[in-house]
Amino acid sequence: EQRSGSIADFTERSGAERSAAVGTEGGEEPDAEATEVPDTEVSEETDAKVAEEPDAVAAADTTRGPQAYAPLLMSAFEISRIDEIVQSGRTGNRLTANLLGSDATEANFLSTNPGSYRFLHFATHAEVVDSDPSLSNLLLYSSGGEPQRLYAGDVYGLQLSADLVVLSACETALGEYRKGDGLVGFTRAFFYAGAKNVISSMWKVNDRSTALFMIELYESIAEGYSFRESLRLAKLSMLENPQFNHPYYWAAFHLQEGFR
């Protein structure tokens with residue numbers, strides 16, 4: 001299976017890649033019967049955009065984790081919609097760099113000078129290695145063989161200035177607890193590299209609901225709300241969606257604020 005990552009360096013500083021995987025660790029996915037309801041999206045604008053992407057509907061039951069590495073049909077849609085929000089100028093700077101599909105390689109990501117963006121958004125598969133957190137990684141593009149990976153250990157060497165890093169993937173808030181160090185994983189790596197805030201996930205997340213959630217998050221940021229309030233509003237929006245109002249679909253994401 002070919003995996004196409006989506007790395008996007010969004011306005012005033014940003015980037016993207018995501019993860020999918022099936023499972024219920026940390027959050028328990030509701031029974032299929034409980035979610036077989038009319039396809040009501042979070043907002044009218046998002047609903048119209050999703051309607052233009054009929055193939056994306058098939059991604060409803062895909063998650064972003066290491067077991068399957070199934071194609072993430074909604075990641076490119078997620079990135080393109082967030083890019084539209086950023087390009088509108090409502091978040092400030094309109095400078096963006098989107099790396100989709102075969103462009104989502106480590107070399108291309110580094111060549112965009114990720115330290116110059118305000119937002120870094122990763123929409124891809126993620127793999128957490130508890131035994132050695134430095135080997136935890138975000139999957140990048142694969143041309144058919146083993147995918148390229150952005151390792152947490154390599155993130156420490158980046159020089160970032162991002163106000164917000166969003167890890168739109170599975171279990172990106174997890175890691176190894178070390179006495180004296182606390183939790184060591186993706187979040188710590190991005191903080192060390194210079195990020196001021198990180199949004200990550202506590203369990204395996206659904207591809208489609210995550211895309212809708214992230215679009216709502218950036219819509220609120222664009223309206224001038226703080227990152228914390230924007231996250232809260234995105235969760236409230238999902239509660240209003242009959243298909244994705246179960247906590248499994250939105251409660252995994254949380255914000256960690258740095259000390260810089």
- For residues Glu106 and Gln148, report the shortest heavy-atom separation together with the two atoms involved. N-OE1, 3.3 Å

- Query: Is a side-chain donor or acceptor of Ser136 paired with a backbone partner of Ala152 at a separation under 3.5 angstrom?
  - Reply: no

- Item | side chain to side chain contact (heavy atoms under 4.5 Å, CB included) between Thr105 and Leu140, intermediate numbers included | CA-CA 6 Å; Thr105 64; Leu140 305 181; 5.5 Å; no

- Item | Value rounded to 0.5 Å, distance of CZ in Arg228 from CG in Leu255 | 5.0 Å

- Query: Can you find a heavy atom in the side chain of Val165 that is under 4.5 Å from one in the side chain of Ile199?
  - Reply: no

- Task: Not counting sequence neighbours, which residues clear side chain to side chain contact (heavy atoms under 4.5 Å, CB included) with Arg178? List them please.
- Result: Pro133, Glu176, Asp181, Val184

- Query: Is there a donor in the side chain of Asp83 and an acceptor in the side chain of Ser80, or the other way round, less than 3.5 Å apart?
  - Reply: no

- Message: Using 30° and 60° as the class boundaries, would you call the ring planes of Phe213 and Phe253 parallel, tilted or perpendicular?
- Response: parallel

- Honestly curious: do Phe244 and Leu233 fall in one hydrophobic cluster under the side-chain, below-4.5 Å linking rule? yes

- Message: Treating Trp250 as the side-chain partner and Leu239 as the backbone partner, does any N or O pair qualify as donor plus acceptor under 3.5 Å?
- Response: no

- Name all residues meeting the side chain to side chain donor-acceptor pair (under 3.5 Å) criterion together with Ser134; count only those two or more places apart in sequence or in a different chain, and write none if there are none. Asp132

- Query: Is it true that a side-chain atom of Ser201 and a backbone atom of Ala169 form a donor plus acceptor pair closer than 3.5 Å?
  - Reply: yes

- Item | Between CG on residue Leu164 and OG on residue Ser226, distance to nearest 0.5 Å | 11.0 Å

- Task: Report the residues that fulfil ring-ring contact (aromatic ring centres under 6.0 Å, His included) with Tyr225, sequence neighbours left out, ordered by chain and then residue number.
- Result: none

- Query: Mind checking whether Leu160 and Leu120 have side chains closer than 4.5 Å, heavy atoms only?
  - Reply: yes

- Message: Taking the side chain as everything from C-beta on, heavy atoms only, tell me whether Phe227 gets closer than 4.5 Å to Asp163.
- Response: yes

- Message: Within the structure provided, determine whether Tyr141 and Asp103 are in side-chain contact (heavy-atom separation under 4.5 Å).
- Response: no

- Is there side-chain contact between Met238 and Asn245, with at least one heavy-atom pair below 4.5 Å? no

- Query: Any side-chain heavy atom of Lys196 within less than 4.5 Å of one from Glu257?
  - Reply: no

- Note on the structure: CG of Leu174 to OG1 of Thr172, rounded to nearest 0.5 Å, is 7.5 Å

- Would you say Asn137's side chain and Arg149's backbone share a donor-acceptor pair under 3.5 angstrom? no

- Task: Could you check if a side-chain atom of His254 sits within less than 4.5 angstrom of a side-chain atom of Ser200, using non-hydrogen atoms only?
- Result: yes

- Message: Distance check, rounded to the nearest 0.5 Å: Glu127 atom CD versus Leu139 atom CG?
- Response: 7.0 Å

- Does Phe191 belong to the same Ile/Leu/Val/Met/Phe/Trp/Tyr cluster as Met202, with side-chain heavy atoms less than 4.5 Å apart forming each link? yes

- Query: With hydrophobic residues grouped by side-chain heavy-atom distances under 4.5 Å, do Leu135 and Val128 end up in a single group?
  - Reply: no

- Message: Please determine whether residues Leu150 and Leu110 belong to a single hydrophobic cluster, defined as Ile, Leu, Val, Met, Phe, Trp and Tyr linked transitively by side-chain heavy-atom distances below 4.5 Å.
- Response: yes

- Query: Where the side chain of Thr112 meets the backbone of Ala97, is there a donor-acceptor pair that is under 3.5 Å apart?
  - Reply: no

- Message: Measuring only between side-chain heavy atoms, which start at C-beta, is Asn206 closer than 4.5 Å to Tyr248?
- Response: yes

- Message: Please report the interatomic distance NZ(Lys235) to CD(Glu240), rounded to the nearest 0.5 Å.
- Response: 15.0 Å

- Gly185 and Tyr156 have their tightest heavy-atom pair at O-OH, 4.4 Å

- Message: Looking only at the side chains, is there a donor atom on one of Gln256 and Thr187 sitting less than 3.5 Å from an acceptor on the other?
- Response: yes

- Query: With respect to Val155, which candidate in Tyr192, Phe190, Phe186 satisfies the side-chain contact (heavy atoms from CB on, under 4.5 Å) definition?
  - Reply: Phe190

- Query: How many angstroms lie between OG in Ser75 and CZ in Arg208, if you round to the nearest 0.5 Å?
  - Reply: 14.5 Å

- Task: Identify the two heavy atoms, one from Ser161 and one from Gly115, that lie closest to each other, and give their separation to 0.1 Å.
- Result: OG-O, 2.5 Å

